[in-house]
Asker: 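Take a look at the following structure, please.
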Amino acid sequence: QVQLVESGGGLVQAGDSLRLSCAASGRTFSGFTMGWFRQGPGKEREFVAHITWSGGRTIYADSVKGRFTISRDIAKKTVNLQMNSLKPEDTAVYYCAASAAALGSMRVSFAHEYGYWGQGTQVTVSS
């Protein structure tokens, strides 16, 4: 059974950096699509970034492009999200997600395409 556990959230000031980590366990993840989503107060869950487990191909939401970097460590089975130049509008609960399918670029941003989710970690950015 796939388990995803996020860590690294916290309270920071605008302009600061944070690094989120998602520990994946329960099976091998070759061929999986891994993603980060977030849900701000009163908002719907939105796509942040995605990476293919095997090839490391990435896609980012326009709102985080150039500031956030997604990566994976195959040996440690972790997916990381380096967040730089944080803004108050980045405040949200951040979720790690996994899909057993190799999602095409037109599907990676839809939450319903991911069958596995972590419990989330809170990121709060003060102005």
Asker: Do V48 and I51 sit in one hydrophobic cluster, given that two such residues count as connected whenever their side-chain heavy atoms are within less than 4.5 Å of each other, even indirectly?
Answerer: yes
Asker: Looking only at heavy atoms, what is the nearest atom pair of A92 and Q122, with distance?
Answerer: O-NE2, 3.5 Å
Asker: If we ignore hydrogens and angles and just use 3.5 Å, is the side chain of S99 paired with the main-chain N or O of E113 as donor and acceptor?
Answerer: yes
Asker: A quick test of your reading: do over 12 heavy atoms of other residues, nucleotides or ligands sit less than 6.0 Å from CD of Q13?
Answerer: no
Asker: Go through the steps to decide whether F29 and V79 satisfy the test side-chain contact (heavy atoms from CB on, under 4.5 Å), and finish with yes or no.
Answerer: CA-CA 11 Å; F29 291 89; V79 179; over 6 Å; no
Asker: On a heavy-atom basis, which atom in A111 and which in W117 lie closest, and how many Å separate them?
Answerer: O-CZ2, 3.4 Å
Asker: Is any side-chain heavy atom of H50 less than 4.5 Å from a side-chain heavy atom of T33?
Answerer: yes
Asker: Pick one: which of V12, T121, L11 meets side-chain contact (heavy atoms from CB on, under 4.5 Å) with L18?
Answerer: V12
Asker: Between K65 and D62, is there a side-chain N and carboxylate O pair less than 4.0 Å apart?
Answerer: yes
Asker: Does a side chain donor of either D73 or T78 reach within less than 3.5 Å of an acceptor in the other side chain?
Answerer: no
Asker: Are W36 and C96 packed together at the side-chain level, in the sense that at least one heavy-atom pair is separated by less than 4.5 angstrom?
Answerer: yes
Asker: Between the main-chain N or O of Q119 and the side-chain N or O of E6, is there a donor-acceptor pair closer than 3.5 Å?
Answerer: yes
Asker: Looking only at heavy atoms, what is the nearest atom pair of W53 and S30, with distance?
Answerer: CD1-N, 3.8 Å
Asker: If every non-hydrogen atom of A98 is compared with every non-hydrogen atom of L4, which pair is closest and at what distance?
Answerer: N-CD1, 3.8 Å
Asker: Rounded to the nearest 0.5 Å, how far does CD of E46 lie from OG of S63?
Answerer: 5.5 Å
Asker: Is there a side-chain contact between R72 and F32 in this structure, where contact means two heavy atoms from C-beta onward sitting under 4.5 Å apart?
Answerer: no
Asker: Any side-chain heavy-atom pair from R67 and S17 closer than 4.5 angstrom?
Answerer: no
Asker: Check the hydrophobic clustering (I, L, V, M, F, W, Y; side-chain heavy atoms under 4.5 Å; chains of links allowed) and say if I74 and Y116 are grouped together.
Answerer: yes
Asker: Can you see whether Y95 has R38 sitting over its ring - NZ or CZ less than 6.0 Å from the centre and within 45° of the normal?
Answerer: no
Asker: Taking all non-hydrogen atoms of both residues, which atom of Y94 and which atom of L81 are closest, and how far apart?
Answerer: CD2-CD2, 4.2 Å
Asker: Can you give me the closest heavy-atom contact between S54 and G31, atom names plus distance?
Answerer: OG-N, 3.0 Å
Asker: Assess the residue pair F37 and Y114 against the criterion (side-chain contact (heavy atoms from CB on, under 4.5 Å)); give the C-alpha distance rounded to whole Å, side-chain angles, the decisive distance to 0.1 Å, and a yes or no.
Answerer: CA-CA 11 Å; F37 287 75; Y114 295 79; 3.5 Å; yes
Asker: For residues L20 and V123, determine if any side-chain heavy atom of one lies less than 4.5 Å from a side-chain heavy atom of the other.
Answerer: yes
Asker: Look at the side chain of K77 and the backbone N and O of R27, then say whether any donor-acceptor pair between them is shorter than 3.5 Å.
Answerer: yes
Asker: Between the main-chain N or O of V125 and the side-chain N or O of T91, is there a donor-acceptor pair closer than 3.5 Å?
Answerer: yes
Asker: Quick one: do V64 and M34 end up in the same hydrophobic cluster if we chain Ile, Leu, Val, Met, Phe, Trp and Tyr together by side-chain heavy atoms under 4.5 Å apart?
Answerer: yes
Asker: Any donor and acceptor pair, going by atom type alone, linking the side chain of R107 with main-chain N or O of A102 inside 3.5 Å?
Answerer: no
Asker: Quick one, M83 and D90 - any side-chain contact, counting heavy atoms below 4.5 Å?
Answerer: no
Asker: Hey, could you give me the CG/OG distance between L103 and S109, rounded to the nearest 0.5 Å?
Answerer: 9.5 Å
Asker: Using distance alone, with no hydrogens and no angle criterion, decide if Q82 and N84 have a side-chain donor and acceptor under 3.5 Å apart.
Answerer: yes
Asker: Heavy atoms, side chains only, cut-off 4.5 Å: are I59 and R57 in contact?
Answerer: yes
Asker: Can you confirm whether I70 sits close enough to N80 that some side-chain heavy atom of one is under 4.5 Å from a side-chain heavy atom of the other?
Answerer: no
